[in-house]
Q: 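For reference, the structure I am asking about is given below.
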Amino acid sequence: MKLWKGRFSKAATSSADEFNASIEFDQRLYKEDITGSIAHAEMLGRQGIIKPEEARLIIDTLKEILNDIEAGKVEFTIESEDIHMNIESILTERIGDVGKKLHTARSRNDQIAVDIRLYLKKETAAVDAVLSELTDALEKLAKEHTDTVMPGYTHLQRAQPVTLAYHLLAYYQMFSRDIERFDDCLRRIDRLPLGSGALAGTTYDTDRDFLAEKLGFSQVLPNAMDAVADRDFAIEFINCCAITMMHLSRFCEELILWSSAEFNFIEIDDSFSTGSSIMPQKKNPDMAELIRGKTGRVYGDLMSLLTICKGLPMAYNKDLQEDKIPVFDAVDTLKASVSIFTEMILTMKVREENMEEAAKYGYMNATDAADYLVSKGIPFRDCHEIIGRMVLYCINKGVALDDLTMEEFKSFSDKFDDDIYDKIAVRSCIKAKKSRGSTSFESVEAQLAEISGKKR
Ligand code: ARG
């Protein structure tokens, strides 16, 4: 039965009913919806808007309905349109007229707004939990690889040697900021819209502070029109998801490259790889590719909600019913991607020897060779030029800088001495970094110490 049927002389066609209904996807909010309703009923009872015993009956029955939904005993109907009216109808079926009093001083507009905010508060904690598992995994791997030397790249060209720990800690920082970003977003999710009515407030002497306290919101939204009309907090949440996916996707891209025969730096575990239906030899990094692909999907969720909201006049418009689809999709996609990714990196095999071998070639010690000449009093720009010519000489000869004889070194600059060989050895290049936050072994230890210090 339609709860709003009074004003209508004609029923909607069944296709219009189906088109209008959101129960198919918003049933996911049943718990938040009931939680909000229980707090609302309690407030109505306390304020004398309904009788205390009516409030009691409503609350007890809502709890029963919650249990029945969780036990799979409740069938939602398209006729009742959305989760709010489905639950209200069931309530009224069970307790008759008293059930009809629950919607006093409330609208579905503030009801859905409180549901999504409660949902996103819960999901922020869930996202934090999976992201913390990821940062823990990165910390663990970084500790295991403080001595694993690899090429550091810019433009995907070998640039300067780094350690794998350093590379992993770069991602640690990105994902830590993602956690921070979600927590910051939570501050704006954590504000109560309930009690706003449809758009203008209500005529009842409600107590919104009580509702906020009861539902665990730290603030009450100060303007009812804003409270029911805006979804900026949800956009912001999906934005946090999108940025996190972007970080994951970059890492996936690297794992895909690293597991190719061309790099051969890692091997993704069989349990996170798939085969080819035609090429028997193939082992494909599908999980990493899927996360990279799903990143596009989450960007789409963000664009979708931004676009849904962009032309809406104040206050609530039914367009907003569409907000839940991108919100749910972003939450599901992000959590699944982060979890799979964490398991994948914890089980992958790192081929340290290949990383180190790669770090020896590509003239990645050229900057260190230039720094050597700087230490002998030659201005950096001139050193850059000298080493550039040496690299060209080596390329033509097919050797590394380290392979040159002392005479060859001297022919480029008489400032070179025997200690150059040690200065440009791959580990020396790493060790020599002095700036804070560098790849030096010492700096990486300091970064690790800072991480574990923060946890305590
Ligand atoms: N199902 C609706 C939504 O998700 C609930 C609010 C409906 N409000 C209304 N005035 N039709 O947005």
Side-chain angles (χ1 to χ4, degrees), residues 3-4 6-7 20 22 26 29-50 55 58-59 62 81-88 91 100-122 124 185-238 305-306 308-324 327:
L3 296 180
W4 40 251
R7 186 227 175 277
N20 187 43
S22 54
D26 69 12
L29 296 172
Y30 71 89
K31 201 171 192 164
E32 287 75 16
D33 199 71
I34 291 178
T35 306
S37 290
I38 289 176
H40 181 68
E42 193 176 340
M43 185 277 291
L44 293 177
R46 276 169 59 104
Q47 296 297 104
I49 299 168
I50 62 175
I58 291 173
I59 292 166
L62 283 171
E81 200 176 314
D82 54 26
I83 188 63
H84 325 300
M85 292 200 293
N86 265 276
I87 289 172
E88 198 187 317
L91 179 73
K100 295 182 186 166
K101 296 193 177 183
L102 171 63
H103 212 53
T104 318
R106 184 175 76 169
S107 149
R108 277 186 296 156
N109 299 351
D110 53 346
Q111 197 177 350
I112 185 62
V114 82
D115 289 5
I116 312 176
R117 283 176 185 268
L118 285 170
Y119 168 80
L120 285 179
K121 279 181 72 171
K122 182 185 80 191
T124 303
C185 173
L186 181 62
R187 288 173 43 221
R188 284 171 290 281
I189 296 173
D190 187 20
R191 297 174 190 180
L192 176 94
L194 193 61
S196 295
L199 76 162
T202 68
T203 51
Y204 300 90
D205 178 26
T206 53
D207 185 351
R208 296 188 64 207
D209 290 304
F210 170 80
L211 287 173
E213 207 193 304
K214 192 79 198 162
L215 292 170
F217 283 94
S218 61
Q219 287 181 41
V220 173
L221 284 164
N223 178 293
M225 184 179 277
D226 166 50
V228 292
D230 202 9
R231 294 290 182 269
D232 57 355
F233 62 96
I235 293 171
E236 204 179 334
F237 182 92
I238 303 181
L305 190 51
L306 278 166
I308 287 168
C309 293
K310 81 179 256 291
L312 300 183
M314 283 296 119
Y316 177 86
N317 300 267
K318 193 64 172 256
D319 314 47
L320 291 176
Q321 177 162 289
E322 292 289 313
D323 64 352
K324 285 163 279 302
V327 165

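Everything numeric here is computed off the predicted structure, so don't read it as measured data.
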Q: Before you tell me yes or no, could you show the steps for Lys214 and Met43 under side-chain contact (heavy atoms from CB on, under 4.5 Å), namely the whole-Å CA-CA distance, both residues' side-chain angles and the distance that decides it to 0.1 Å?
A: CA-CA 9 Å; Lys214 192 79 198 162; Met43 185 277 291; over 6 Å; no
Q: Working to the nearest 0.5 angstrom, can you tell me the gap between Leu120 CG and Asp115 CG?
A: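 So the gap between those two atoms works out to 11.0 Å.
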Q: Grab the two heavy atoms, one from Ala200 and one from Ala224, that are nearest each other, plus how far apart they are.
A: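 Looking at all heavy atoms of both residues, the shortest contact is C-CB, 4.5 Å.
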Q: Once rounded to the nearest 0.5 Å, what's the spacing between atom CD of Glu42 and atom CG of Leu215?
A: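 Nearest 0.5 Å value for the CD-CG distance: 9.5 Å.
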Q: What distance separates Asp230 CG from Met225 CE, expressed to the nearest 0.5 Å?
A: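 The CG atom of Asp230 sits 12.5 Å away from the CE atom of Met225.
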Q: Does Arg117 count as lying over the ring of Phe217, i.e. NZ or CZ under 6.0 Å from the six-ring centre, within 45 degrees of the axis?
A: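 No.
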Q: Just distance, no hydrogens or angles: give the donor-acceptor pairs under 3.5 Å from side chains in residues 31-39, sequence neighbours left out.
A:
residue : atom : partner : partner atom : Å
Glu32   : OE2  : Lys122  : NZ           : 2.9
Asp33   : OD1  : His84   : ND1          : 2.7
Asp33   : OD1  : Gln111  : NE2          : 3.2
Asp33   : OD2  : Gln111  : NE2          : 3.3
Thr35   : OG1  : Lys31   : O            : 2.6
Ser37   : OG   : Asp33   : O            : 3.1
Ser37   : OG   : Arg106  : NH1          : 2.8

Q: For Asp205, does its backbone N or O pair with a side-chain atom of Asp207 as donor and acceptor, under 3.5 Å?
A: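 Checked: no pair found.
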Q: Please identify each residue that fulfils side-chain contact (heavy atoms from CB on, under 4.5 Å) with Asn20, with sequence neighbours left out.
A: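 For Asn20, the residues satisfying side-chain contact (heavy atoms from CB on, under 4.5 Å) (neighbours in sequence not counted) are Glu81, Lys318.
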Q: Could you pull out the closest heavy-atom pair between Ser218 and Asp190, with the gap in Å?
A: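 In this case the closest contact between Ser218 and Asp190 is OG-OD2, 2.8 Å.
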Q: Closer than 3.5 angstrom, by distance alone: can the side chain of His103 be matched with the main-chain N or O of Met85 as a donor-acceptor pair?
A: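 No; judged by distance alone, with no hydrogens or angles, the pair does not exist.
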Q: What's the verdict on side-chain contact (heavy atoms from CB on, under 4.5 Å) for Lys324 and Ile112, showing C-alpha distance, side-chain angles and the deciding distance?
A: CA-CA 10 Å; Lys324 285 163 279 302; Ile112 185 62; 3.6 Å; yes
Q: Identify the heavy atoms of Ala41 and Leu102 that sit nearest to each other, and give their distance.
A: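 Closest approach of Ala41 to Leu102, heavy atoms only: CB-CD1, 4.0 Å.
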Q: Is it true that a side-chain atom of Asp26 and a backbone atom of Ile83 form a donor plus acceptor pair closer than 3.5 Å?
A: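 Present.
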Q: Could you tell me which non-hydrogen atom of Ala198 sits nearest to which non-hydrogen atom of Asn109, and how far apart they are?
A: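 The answer is O-ND2, 3.2 Å.
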Q: Quick check: does any side chain N or O of Asp226 sit under 3.5 Å from a backbone N or O of Pro222, one acting as donor and the other as acceptor?
A: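 No; zero donor-acceptor contacts below 3.5 Å.
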Q: More than 12 heavy atoms of other residues, nucleotides or ligands under 6.0 Å from CD of Gln219: yes or no?
A: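 Buried by this count: over 12 neighbours within 6.0 Å.
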Q: Mind running side-chain contact (heavy atoms from CB on, under 4.5 Å) on Val220 and Leu211 for me, showing each step along the way?
A: CA-CA 9 Å; Val220 173; Leu211 287 173; over 6 Å; no
Q: Would you give the length of the straight line joining atom SG of Cys309 to atom CG of Asp232, rounded to the nearest 0.5 angstrom?
A: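 Between atom SG of Cys309 and atom CG of Asp232 there are 8.5 Å.
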Q: Quick one: pull up OH in Tyr204 and CD1 in Ile50 and give me the separation to the nearest 0.5 Å.
A: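 Rounded to the nearest 0.5 Å, the OH-CD1 separation comes out at 11.0 Å.
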Q: Please check: side-chain N/O of Arg208 versus main-chain N/O of Leu192, any donor-acceptor pairing under 3.5 Å?
A: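 Yes; judged by distance alone, with no hydrogens or angles, the pair exists.
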Q: Of all heavy-atom pairs between Thr206 and Ala105, which one has the smallest distance, and what is that distance?
A: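 Taking Thr206 first and Ala105 second, the nearest heavy atoms are CG2-CB, 3.8 Å.
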Q: With a 4.5 Å heavy-atom cut-off, do Arg108 and Asp82 have their side chains touching?
A: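 A side-chain contact under 4.5 Å exists here.
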Q: Does the side chain of Leu62 come within less than 4.5 Å of Ile87's, by heavy atoms?
A: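 Yes, close enough: below the 4.5 Å cut-off.
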Q: If you measure from NZ on Lys101 to CG on Leu44, what distance do you get to the nearest 0.5 Å?
A: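 Between Lys101 NZ and Leu44 CG, I get 10.5 Å after rounding to 0.5 Å.
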Q: Please find the pair of heavy atoms, one from Asp110 and one from Gly197, that lie closest to each other, and give the distance.
A: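 The answer is OD2-N, 3.0 Å.
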Q: Give the intermediate values and the outcome of side-chain contact (heavy atoms from CB on, under 4.5 Å) for residues Arg231 and Ile116.
A: CA-CA 9 Å; Arg231 294 290 182 269; Ile116 312 176; 3.7 Å; yes
